[in-house]
Colleague: 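Quick one: the structure is below, questions incoming.
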Amino acid sequence: MASFFSRISTFRIFLLCSLCFSDFGFLQGVSSLGINYGQLGNNLLPPEKVLDLLSSLRITKARIYDTNPQVLTAFANSGVELMVTIENAMLGQLSNPQAAFQWVTSHIKPYVPATKITSIAVGNEVFTDDDTTVLLSNLVPAMVSIQGALAQLGLDQYIKLSTPCSLAVLQESYPPSAGSFKTEVSGVMSQLLQFLQTTKAPFWINAYPYFAYKGDPSRVSLDYVLFNPNQGMVDPFTKLHYDNMLYAQVDAAIYAMARLGFNGIEVKVSETGWPSNGDENEIGATLQNAAIYNRNLLRRQLQNEGTPLRPKLRLEVYVFALFNENMKPGPSSERNYGLFHPDGTMAYNVGLSSLSTTNSARTPSTTTSSVSDFTSSATKVKS
């Protein structure tokens, strides 16, 4: 094992230096937490009421999984920044520049600038979709065509394109400095990263520490995945200390990009969350764990934290999800990620309303720790 470490440690030190000192690494973000507003339910609040809920919580960023005209119309003049989504099945059609122009003209242009569309997610988890081969061949061509359409309409300065990726694209993620992409996706991934670098767009990841815990609860520390106080782990190559899995996953993605030659792309979390209920075999899917995960994540967001690798760049995160959605397929957990029930009542209290103001000194009744108690220990450990 020691010889393996010595073979690659020099390369990792080089990566650490280049990644930590990227030009944007010294900037401090101030944007707010985002939330995923899914609509796979037959009992959800109408978009106008959803906007009222978001406004009451002071949430100014949301992601939707389509270009629902009712949502886009309702959110006009609200100031809420919206990420809209192109469904995977549309990628083949939109790889044609003329079709892409028609799509942007009908689905985006009529709503801006009144509706603040700032991002378009071109597909979702395309690299791990059931129909991967066809989708991957169309992904970057579709993005290029849509980017061209935005430019023709004068919208490319205001709207960024990216595609949320599952962490299943990674071949290695532990320790974070070992981060690398699977060989079978590296070709298209390089094309995607070149596009993102050229257009100064972020690399989006859907990161769920819950799945790591569910898959191996005897070896994965629950406190580590929930952001609770814990010993954490030290990357043996970079000597960076990680006190939670989400930050480690983000940094693994940064290293994976660096291995393909891309050092200056920002990583943002397009989805993360924890289910409040699940099937009998879905270990860890409890209301208590969901409340702790999201509460602790919100506190980290309030502190404008970055990851250990990029501590001065605030990590942008979209929580999954706003509502429990009763029409989502799959195991019970899929229908229980919401912070709220479909009628707008809280599924559990994460203190979102109180955390939205810096004047709130008290935390929800389920914990007695102050916000300052949750300051990250994401610091470099002396060797």
Side-chain angles (χ1 to χ4, degrees), residues 31-91 93-94 98-124 142-143 145-164 201 204 270-271 316 318-328 337-345 352-353 356:
S31 56
S32 68
L33 179 84
I35 199 156
N36 285 275
Y37 168 24
Q39 301 159 64
L40 290 179
N42 59 12
N43 54 355
L44 298 175
L45 292 174
E48 295 80 9
K49 295 294 184 182
V50 173
L51 179 59
D52 290 341
L53 176 61
L54 296 182
S55 298
S56 71
L57 300 172
R58 303 185 187 181
I59 291 176
T60 59
K61 290 188 176 184
R63 176 191 177 196
I64 59 176
Y65 290 83
D66 51 23
T67 52
N68 186 330
Q70 290 181 307
V71 175
L72 297 183
T73 300
F75 278 55
N77 303 309
S78 66
V80 174
E81 297 181 19
L82 274 181
M83 182 198 308
V84 301
T85 304
I86 297 172
E87 295 87 343
N88 289 358
M90 291 288 295
L91 298 187
Q93 177 183 342
L94 296 182
Q98 184 176 356
F101 183 82
Q102 292 174 346
W103 185 90
V104 173
T105 301
S106 60
H107 289 78
I108 302 296
K109 189 175 184 297
Y111 302 100
V112 295
T115 300
K116 200 171 182 181
I117 299 173
T118 57
S119 305
I120 299 175
V122 183
N124 185 55
M143 297 180 78
S145 294
I146 296 164
Q147 181 72 18
L150 291 173
Q152 289 183 62
L153 296 168
L155 301 175
D156 57 315
Q157 297 181 42
Y158 311 103
I159 300 174
K160 295 295 183 182
L161 301 182
S162 191
T163 185
W204 288 102
S270 41
E271 289 182 16
E316 185 168 325
Y318 281 68
V319 172
F320 188 88
L322 184 57
F323 295 116
N324 287 334
E325 301 167 64
N326 67 352
M327 295 177 66
K328 289 200 70 176
Y337 274 91
L339 302 183
F340 291 87
H341 295 298
D343 63 359
T345 59
L352 188 59
S353 58
S356 64

Colleague: Backbone N or O of Leu72 within a donor-acceptor pair of the Thr115 side chain at under 3.5 Å?
Modeller: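 Yes, Thr115 side chain to Leu72 backbone: donor-acceptor pair under 3.5 Å.
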Colleague: So does Val122 get a backbone contact from the side chain of Thr163, meaning a donor-acceptor N/O pair under 3.5 Å?
Modeller: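 Looks like yes, one N/O pair under 3.5 Å.
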Colleague: Check for a donor-acceptor pair, side chain of Glu325 on one end and backbone N or O of Gly41 on the other, with a separation under 3.5 Å.
Modeller: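 Between the backbone of Gly41 and the side chain of Glu325 there is no qualifying donor-acceptor contact (under 3.5 Å).
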Colleague: Got a donor-acceptor contact below 3.5 angstrom from the Asn36 side chain to the Ala321 backbone?
Modeller: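 No; zero donor-acceptor contacts below 3.5 Å.
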Colleague: What is the ring orientation for Phe323 with Phe340, classed by angle as parallel under 30°, tilted 30 to 60°, or perpendicular over 60°?
Modeller: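 Correct class here is perpendicular.
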Colleague: Evaluate Thr67 against Ile120 for side chain to side chain contact (heavy atoms under 4.5 Å, CB included), listing each step before the verdict.
Modeller: CA-CA 10 Å; Thr67 52; Ile120 299 175; over 6 Å; no
Colleague: Can you tell me if Asn326 and Asn42 form a side-chain donor-acceptor pair at under 3.5 Å?
Modeller: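 A donor-acceptor contact under 3.5 Å links the two side chains.
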Colleague: List the steps, then state whether side chain to side chain contact (heavy atoms under 4.5 Å, CB included) holds for Asn43 with Asp343.
Modeller: CA-CA 7 Å; Asn43 54 355; Asp343 63 359; over 6 Å; no
Colleague: Have a look at Trp204 and tell me which of Lys160, Met83, Arg63 forms a side chain to side chain contact (heavy atoms under 4.5 Å, CB included) with it.
Modeller: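 Answer to the side chain to side chain contact (heavy atoms under 4.5 Å, CB included) test with Trp204 among Lys160, Met83, Arg63: Met83.
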Colleague: Flag yes if more than 12 heavy atoms outside Gln152 fall under 6.0 Å of its CD atom; otherwise flag no.
Modeller: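 Check passes, neighbour count above 12.
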Colleague: Indicate yes or no for a side-chain donor-acceptor contact from Ser106 to the backbone of Gln102 under 3.5 Å, with no hydrogens or angles considered.
Modeller: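 It does hold such a pair.
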Colleague: Given 3.5 Å as the limit, does a donor-acceptor pair link the side chain of Ser56 with the main chain of Leu53, or not?
Modeller: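 Yes.
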Colleague: I would like to know whether Leu161 and Leu150 meet side chain to side chain contact (heavy atoms under 4.5 Å, CB included); could you show each step before the answer?
Modeller: CA-CA 10 Å; Leu161 301 182; Leu150 291 173; 3.9 Å; yes
Colleague: Tell me if a side-chain donor or acceptor on Asn88 pairs with a main-chain N or O of Asn124 at a distance below 3.5 Å.
Modeller: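 The answer is yes, because a donor-acceptor pair under 3.5 Å joins these two groups.
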